[in-house]
S.K.: 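Quick one: this structure, given as structure tokens, is what I'll be asking you about.
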Number of protein chains: 2
Amino acid sequence: MEKIPAKTVSVTVADVAHAAGVSKATAARVLGGYGTVSDKVREAVKRAAQALDYRPNELARSMTTGRSGTIGVVVGDIENPFFGSAVRGITDVARLAGFNVILANSGESLAAEKAAVKTLIAKQVDGLIISPAKDSEIEHLREAERSGRPLALLDRAVARLDVDTVTTDDFEAAQAITRLLIGQGHRRIAYLTACDTPDHCFSQLSDIYTSSVRLRIEAFIGACRDAAIPDAARWVRVGAVNPQAIRAIVTELFNAATPPTAIIASDSLIGLEVFKAVREMGIALPGDLSLISFHDADWTAVTSPPVTVVQQPVYQLGETVATLLIGRLKGETGPARTVVLPTRLIERASVGKARLVATAI
Amino acid sequence: MEKIPAKTVSVTVADVAHAAGVSKATAARVLGGYGTVSDKVREAVKRAAQALDYRPNELARSMTTGRSGTIGVVVGDIENPFFGSAVRGITDVARLAGFNVILANSGESLAAEKAAVKTLIAKQVDGLIISPAKDSEIEHLREAERSGRPLALLDRAVARLDVDTVTTDDFEAAQAITRLLIGQGHRRIAYLTACDTPDHCFSQLSDIYTSSVRLRIEAFIGACRDAAIPDAARWVRVGAVNPQAIRAIVTELFNAATPPTAIIASDSLIGLEVFKAVREMGIALPGDLSLISFHDADWTAVTSPPVTVVQQPVYQLGETVATLLIGRLKGETGPARTVVLPTRLIERASVGKARLVATAI
DNA sequence: ATGAAAGCGCTAACAG
DNA sequence: CTGTTAGCGCTTTCAT
């Protein structure tokens, strides 16, 4: 009964134990780094492991311990520099704490997000970090909680969910930039967001299913109202999800009888496309149009003019949410924590005084 | 002997089987979607699973099947848009094929890369996609192969490793842009790369441990030699790893008696920092200096002047390497495949004729 | 300090 | 078509 190890057959603790002349349990103790073993036995086992090229099977370990040492992360789009930085923050903190990250892209699709959550739970991740596509349908998030795995939210809060959440101060930021614009005489300010509504039109706040964007629009409309600019809601444009859609919105905006004198872009992808579009249309920044974008993406500093932005501590957003989650994994209890990171307005040259437009009688 | 399921105790196939009044094997068959089961039994099991809120344990499945449905990916820095796009390509292809991705950042550190590979193997990933930090030390990559897991290389080839590899045509691209510059009369062309050498100086090609960069420098020097520009090697600058280092290099370059009239940036992070630095130094593009960068990052199109770049099909790079790897996972055999994706030169306005500089006697 | 044995949740033969 | 029986590789009581 010779045992002929095929190249696909991996060496196990049993093999090492046998080679070292000790029991499986003892070998497992030194290989797994737990319990107590005498020094000489430890050495013998280590030598045997080395000789046999033993490689631990984390899956088997996870099976018995119930912990996989893995965190599941679901973001909208890793290609978006915003999430790129956040994920880097998460992975850095996770690695330092001995955790790995399984990454899933939702593409901002609820169905994809649900599937990802289900898969991650099945994979027995110890905890989840999610940037939920919508806060309207959260059954799958509750399911994650029910599975006993801590959940933490990234960038987007869900009021009905009592979990650790890290966001940036969207309301404050939107209020500040709107006031800045109003202070420069702007009264026709358009707000462009990738968030979409069923009819692709904005009519009321409750149609916006992403908390961060909802807060921004609320602040935007509020600041306008405070300045006696009525019905700012009609300047909100949703569904700016790709270059084509953004082009269409910009075109529509400037084909109207009264085009905007300022645009707020809800993320840097929108900001970039607006910048390109208006440049091609011969609209001068900031002469004809003022532009402010959320997220201080790298490009915003090198354009002519450079773009005024809301700087968001994105890497730190990832770091913080990972720290919170790992705290739970290490046994921290207590009520859900909400961290709101401050933003900073970086004023550059894309904002100027509103020009009185002839068409506006 | 009542069984009181604590909230942390998950329901298993055994529980479902019991509730449905069938054997564990039968329940497992419908839950796992394999084997054959009668329709009525299938329904009964599904109902029971639903009622008990059964959630499969992929870890247990992986234990017995030997497949985890997971691909390990190690990149230098997910924050770099280059890798962001590549990883998106990988995850998209992986998801479609039913695989998940565990992501690890090496930070271009060999030690971190080794640790990541070890961890990923321990986690029983089915295969690995790596963008190796160095092609000089590859024992850990061989170990991955020895573990029986297919390995595929992203963006960087390793000659001594016989595995599927997907790169872009670095040699051709570097040759083309160098010739373009030379055609414009440039003879003092600096090449900046993040790759580093022990003494932070470039002396010979074999000091460069990243194949893509080595090929580029080889093409660069070769094209210079063809144009009777001797010793182009002295214009190569390594270690452009962060903004500070890049600033220092640019400063050094322009403090010299004979500053360069053109700069080639080996990635978009370098390109961006060079752009900022020369702008601050009052060096005009393309009047005083011509600039070409690898990677058509979004910012390169919106600067003034916009930057001439080597467009690399980065998303496709990720797609392709994932496709190759998954092919292996599905049983494809045969010799290692090498795919070299073509690049495209996007000529914009950052390149101009070389100006005769007074200081160059 | 060490060993024997049980079992995590699932799949994979092999019977019937 | 369905049930029985073994494990996968590891950790973990419980003895010794």
Side-chain angles (χ1 to χ4, degrees), chain A residues 3 5-6 8-46 48-49 52-69 121-126 147-148, chain B residues 3 5-6 8-46 48-49 52-69 121-126 147-148:
Chain A
K3 206 173 147 193
T8 56
V9 170
S10 50
V11 352
T12 72
V13 285
D15 300 325
V16 175
H18 185 85
V22 298
S23 77
K24 222 174 62 170
T26 301
R29 278 190 261 260
V30 4
L31 262 17
Y34 56 91
T36 48
V37 193
S38 71
D39 285 354
K40 50 180 61 170
V41 171
R42 164 168 293 107
E43 285 315 309
V45 171
K46 284 194 168 174
L52 294 178
D53 191 26
Y54 168 77
R55 273 186 292 267
N57 182 334
E58 275 292 340
L59 251 42
R61 179 174 310 194
S62 301
M63 279 285 324
T64 54
T65 61
R67 281 165 289 109
S68 66
I121 292 176
K123 288 229 182 269
Q124 310 295 109
V125 295
D126 292 337
S147 79
Chain B
K3 207 172 144 194
T8 56
V9 169
S10 51
V11 351
T12 72
V13 285
D15 300 325
V16 175
H18 185 87
V22 298
S23 78
K24 221 175 62 171
T26 301
R29 278 190 261 259
V30 4
L31 262 18
Y34 58 92
T36 47
V37 193
S38 72
D39 284 355
K40 50 181 61 172
V41 171
R42 164 169 292 107
E43 285 315 309
V45 171
K46 284 194 168 173
L52 294 178
D53 193 25
Y54 168 78
R55 273 186 291 266
N57 182 333
E58 275 292 340
L59 252 42
R61 179 174 308 189
S62 301
M63 278 286 331
T64 55
T65 61
R67 282 165 288 110
S68 66
I121 292 176
K123 288 226 182 274
Q124 309 295 110
V125 294
D126 293 338
S147 79

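Chain identifiers are assigned alphabetically (A, B, ...) following the order of the sequence lines, protein sequences preceding nucleic acid strands; residue numbering begins at 1 within each chain.
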S.K.: Looking only at heavy atoms, what is the nearest atom pair of B:Ala27 and B:Val13, with distance?
M.R.: CB-O, 4.0 Å

S.K.: Calculate the interatomic distance between B:Arg42 atom CZ and D:dC1 atom P; express it in whole Å.
M.R.: 9 Å

S.K.: Of the non-hydrogen atoms in B:Val11 and B:Asp15, which two are nearest, and what is the gap between them?
M.R.: CA-OD2, 3.2 Å

S.K.: Would you kindly give the CG-to-C1' distance between A:Asn57 and C:dC8, to the nearest whole Å?
M.R.: 13 Å

S.K.: For the CD atom of B:Gln124 and the CE atom of B:Met63, what is their distance to the nearest 0.5 Å?
M.R.: 8.0 Å

S.K.: Return the angle between end axes of the helix from C:dA1-D:dT16 to C:dG16-D:dC1, with five pairs used per end and rounding to 10°.
M.R.: 30°

S.K.: Please name the pair of heavy atoms, one in A:Leu59 and one in B:Ser68, separated by the smallest distance, quoted to 0.1 Å.
M.R.: CD2-CB, 4.4 Å

S.K.: Going from OG on A:Ser62 to CG on A:Asp126, what distance comes out if it is rounded to the nearest 0.5 angstrom?
M.R.: 7.5 Å

S.K.: Take atom CZ of A:Arg55 and atom P of D:dC10, then tell me their distance rounded to the nearest Å.
M.R.: 12 Å

S.K.: Over all heavy atoms of both residues, which pair between B:Ala44 and B:Ala20 is shortest? Give the atoms and the distance, please.
M.R.: O-CB, 4.0 Å

S.K.: Return the residues of residues 23-34 of chain A meeting this criterion: a heavy atom under 4.0 Å from some atom of DNA chain C. Order them by number, or give none.
M.R.: A:Ser23, A:Ala25, A:Thr26, A:Arg29

S.K.: Within residues 59-67 of chain B, find the residues that approach DNA chain D with a heavy atom at under 4.0 Å, and present them sorted by residue number.
M.R.: B:Met63, B:Thr64

S.K.: Which distance, rounded to the nearest 0.5 Å, do you find between the OG of B:Ser10 and the CG of B:Leu52?
M.R.: 11.5 Å

S.K.: Mind checking if B:Ser38 touches a base, just sugar-phosphate, or nothing, with heavy atoms under 4.0 Å?
M.R.: sugar-phosphate

S.K.: Round to a whole Å and report the spacing from CD of A:Glu58 to P of D:dT11.
M.R.: 8 Å

S.K.: Just do the salt bridge (Lys or Arg N to Asp or Glu O under 4.0 Å) check on B:Glu58 and B:Arg61 with the steps written out, would you?
M.R.: CA-CA 5 Å; B:Glu58 275 292 340; B:Arg61 179 174 308 189; 3.7 Å; yes

S.K.: Quick check: closest heavy atoms across A:Leu31 and A:Tyr54, and the distance to 0.1 Å?
M.R.: CG-CE2, 3.5 Å

S.K.: Pick base, sugar-phosphate or nothing for B:Thr36, based on heavy-atom distances below 4.0 Å to the nucleic acid.
M.R.: base

S.K.: Determine the minimum heavy-atom distance between A:Lys46 and A:Val30, stating which atoms define it.
M.R.: CG-CG2, 4.1 Å

